[in-house]
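Heads up, the thing below is written out as structure tokens.
In what follows, every heavy atom counts, from backbone to side chain, and hydrogens, waters and symmetry copies are set aside.
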Amino acid sequence: MAKKLKAVFDAVIVKPTETDELMHGSIIVPDLGKEKNLSGTIVSIGPGKHTITGELIPTTLDVGMKVVLPQMGPVKAEIEGEEYYICPEGQVLAVIVNEQD
């Protein structure tokens, strides 16, 4: 049976985009000199979080959005060989949008 991650509360689950790595012959040289923010596509998002009074504050992001996450903060999870980042919606730094001319 295949396993799948499902976000709860205001959590966001992001599948990272592939990073470009430099190759020298058959050796892959990762770009370790630059600290970059993480980016990827949202695959699951929780319904929101509750206030002290019980009111639900819904999430504002949607599945399929491309987002930028901070380098430090998101939790890395690996399910069935796939890597994901999990963090609260408030940690998302930006949404990547295609500018229409």
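The side-chain heavy atoms of Thr41 and Val14, taken from C-beta on, include no pair separated by under 4.5 Å. Residues Cys87 and Leu69 meet the side-chain proximity criterion, which asks for heavy atoms closer than 4.5 Å. Looking only at side-chain heavy atoms (C-beta outward), Pro74 and Gln91 come within less than 4.5 Å of each other.
Summarising the hydrophobic clusters (Ile, Leu, Val, Met, Phe, Trp, Tyr; side-chain heavy atoms under 4.5 Å, direct or chained), the residues clustered with Ile13 are Leu5, Val43, Ile79, Tyr84, Ile86. Applying the under-4.5 Å side-chain rule to Ile, Leu, Val, Met, Phe, Trp and Tyr, the cluster around Leu93 extends to Val68, Ile96.
Atoms CD1 and NZ, on Ile57 and Lys49 in that order, are 6.0 Å from each other to the nearest 0.5 Å. From Lys4, atom NZ reaches atom CD of Glu80 across 12.0 Å, with rounding to the nearest 0.5 Å. The structure places CG of Leu38 at 7.5 Å from NZ of Lys76, a figure rounded to the nearest 0.5 Å.
Considering every non-hydrogen atom in both Ala7 and Gly46, the closest pair reads CB-N, 3.3 Å.
Contacts classified as side-chain hydrogen bond (donor to acceptor under 3.5 Å, both in side chains) and involving residues 53-65 (residues at least two apart or in different chains) are given here: Thr51-Thr53, Thr60-Glu89.
Note: the hydrophobic cluster containing Val67 also contains Val63 (ILVMFWY, side chain heavy atoms under 4.5 Å, direct or indirect links). Leu61 and Val75 fall into different hydrophobic clusters, where Ile, Leu, Val, Met, Phe, Trp and Tyr side chains are chained together by heavy-atom contacts under 4.5 Å.
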